[in-house]
Amino acid sequence: MIKIKLSYEEKGNGETIILVHSYLWDRNMWNGQVDLLSKKYHCISIDLPSHGKETALLDENYSLKNLAEDIKVLIDEKGIKEYHYIGLSVGGMLIPYLYETDAEKIKSLIMMDSYSGAESPQKKALYFQMLDTIDQIKTIPPAMAEQIANMFFAKEKCNNENIHYANFIKRLENFEQEKIKDIVILGKAIFGREDKLETLSEIKCPLYFIVGNEDEPRPPKESIEMSKLVDGSTYIEVPEAGHISNIDSEIFVNGKFEEIFF
C-alpha cells in the first residue's frame, strides 16, 4: 500500500492539537476552532485524501486503518512527541486506529459526531448506492448534493440563507472529476468500516464525546453508547446542531473547547 501525502495547515505555537475533518469537507471546516485554539496551541488541521487541493489516487482497498497510518506518518515526520486529537465524523472514526499505534503520544481525544461501531446494513446499503451512482456519473448531481447537505446540518439551518449550507452544496456539485474516484473509495472505506467499539474501552487518556442534538447520520444515542464503554469519559450534547456541530453551534463548541484546553 503506497503511503499518501496529506495536505495540512499549521497555526500557533505550544502543545500540538491535530484536527481531522468530516467526509466531503476540508480542513477549513475547523477555521472557527483553530482561530481559538491557536492562541495557545500548535494546531495542525489535516485534509482527508483528495478533499483538499491534491489528488491522492487511492488504492481500491484503501481503509480507515491506512488513513490512520498516513496521519501517523505525517505526525512522525514533523517530529511531534505528544499531541491532542480532535476528529469529527470520519475524523473521529480514526481514533481507535490511532490509539492502537500511537497511544504513548496521545494526551487527549475528542470524538465529535462519530461512531466506532460498524454501519448498520440499511445505512450501508443506502450510502453504497449513492456512492455507486456518483462513481458512474463522475459527479454529485444537484438533487443528491442537496440530499447530502440536509444530512449534515440541523433542520432549521438547511437553507440558502445559511452561507455554510449554500457553500457546502456548491462544493459537492463542483468536486473535480479526477477526485471523484478517491471520494468514492474513501466513502466505501468509511461506510464499510469494521466494528472498533472494543478498542474504545482500552483508552486511558481523557476522552470526550461531543455530538449535535440533531445529528441525523450519527445520532446522540451512539455517542451515549460509546461513552458508557469508556470509564471516566465525558459526554457533551450540542444544542441546535446537526452532524457538523462545530459549525452549526460554533459558539457553544468553542466554549466547551475553552473549558477543556484553557
Side-chain angles (χ1 to χ4, degrees), residues 1-9 19-31 45-71 73-74 87-94 97 112-115 118-120 122-153 158 164-194 215-218 242-244 246-247:
M1 184 71 65
I2 298 173
K3 295 297 180 185
I4 303 299
K5 286 287 187 181
L6 300 168
S7 59
Y8 62 92
E9 186 172 16
L19 301 99
V20 179
H21 62 84
S22 169
Y23 182 54
L24 299 176
W25 290 72
D26 64 16
R27 65 178 184 258
N28 292 312
M29 188 194 81
W30 294 115
N31 285 348
S45 44
I46 300 172
D47 279 322
L48 295 174
S50 291
H51 282 59
K53 293 181 179 179
E54 89 303 332
T55 301
L57 300 176
L58 297 177
D59 183 278
E60 290 281 355
N61 296 315
Y62 195 75
S63 66
L64 294 190
K65 181 179 181 181
N66 298 140
L67 178 54
E69 290 170 349
D70 289 332
I71 290 171
V73 167
L74 171 59
L88 190 147
S89 193
V90 61
M93 293 170 188
L94 297 173
Y97 299 97
M112 300 182 66
D113 302 281
S114 191
Y115 187 53
E119 203 69 72
S120 71
Q122 295 81 5
K123 281 189 175 181
K124 181 179 176 180
L126 170 64
Y127 295 144
F128 269 52
Q129 183 180 38
M130 294 173 73
L131 290 167
D132 285 339
T133 298
I134 292 168
D135 193 31
Q136 288 168 10
I137 64 178
K138 307 304 178 189
T139 189
I140 301 177
M144 187 182 291
E146 183 175 350
Q147 179 185 4
I148 293 170
N150 289 345
M151 295 179 184
F152 277 81
F153 292 87
C158 293
H164 298 294
Y165 177 83
N167 285 344
F168 183 53
I169 288 181
K170 289 179 184 176
R171 172 178 170 80
L172 294 174
E173 294 175 348
N174 290 290
F175 263 114
E176 296 94 325
Q177 195 170 80
E178 64 268 21
K179 293 182 179 179
I180 288 292
K181 185 175 179 62
D182 286 347
I183 296 299
V184 170
I185 289 172
L186 186 56
K188 290 189 173 183
I190 294 167
F191 303 121
R193 67 188 180 279
E194 61 185 316
D215 190 335
E216 177 185 336
R218 302 270 69 99
H243 190 55
I244 307 298
N246 69 309
I247 292 177

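Just so it is clear, the values below take in all heavy atoms, side chains as well, and ignore hydrogens, waters and symmetry mates. These numbers come from a predicted model, not from an experiment.
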Contact check, side chains of F175 and I134, non-hydrogen atoms, under 4.5 Å | no
Side-chain heavy atoms of H164 within contact of N167, under 4.5 Å = no
Tell me, please, which residues at least two apart from D47 pass salt bridge (Lys or Arg N to Asp or Glu O under 4.0 Å).
-> R27
Anything under 30° is parallel, anything over 60° is perpendicular, the rest tilted; go ahead and classify H21 against H51.
-> tilted
Check whether the side chains of Q122 and Y127 place a donor and an acceptor atom closer than 3.5 Å, and report yes or no.
-> no
Mind checking whether R193 and Y115 have side chains closer than 4.5 Å, heavy atoms only?
-> yes
I169 CD1 to F153 CZ distance, which is reported to the nearest 0.5 Å = 8.5 Å
Would you call K188 and D135 a salt bridge, taking side-chain N to carboxylate O under 4.0 Å as the test?
-> no
Knowing that exactly one of L126, V184, I185, I190 qualifies, which makes a side chain to side chain contact (heavy atoms under 4.5 Å, CB included) with L131?
-> V184
Quick one: does D182's side chain get under 4.5 Å of P49's, heavy atoms only?
-> no
So do the side chains of D70 and Y62 get within less than 4.5 Å of each other, counting heavy atoms only?
-> yes
For I148 and M130, which heavy atoms make the closest approach, and how far apart are they?
-> CG1-CE, 3.6 Å
Heavy atoms from other residues, nucleotides or ligands near NZ of K65 exceed 12 (cutoff 6.0 Å) | no
Donor-acceptor side-chain pairing of D215 and H243 below 3.5 angstrom = yes
Heavy atoms of S89 and S114 approach each other most closely as O-OG, 2.7 Å
Taken to the nearest 0.5 Å, the spacing of M112 CE from R218 CZ works out to 15.0 Å
Could you check whether the rings of W25 and F152 sit parallel, tilted or perpendicular, using 30° and 60° as the cut-offs?
-> tilted
Is it true that atom NZ of K170 has more than 12 heavy atoms of other residues, nucleotides or ligands lying nearer than 6.0 Å?
-> no
Closest approach of N61 and N66, non-hydrogen atoms and distance?
-> O-OD1, 3.7 Å
Do we see a donor-acceptor contact under 3.5 Å between the side chains of E54 and S7?
-> yes
If you draw a 6.0 Å radius around NZ in K5, do more than 12 non-hydrogen atoms from other residues or ligands fall strictly inside?
-> no
Validation row: E176, T55 side chains within 4.5 angstrom (heavy atoms) | no
Residues C158 and N150: closest non-hydrogen pair is CB-OD1, 3.5 Å
Measure from the ring center of F128 to the ring center of F191 and say whether it is less than 6.0 Å.
-> no
Can you see which heavy atom on E173 is nearest to which on A145, and at what distance?
-> CG-CB, 3.7 Å
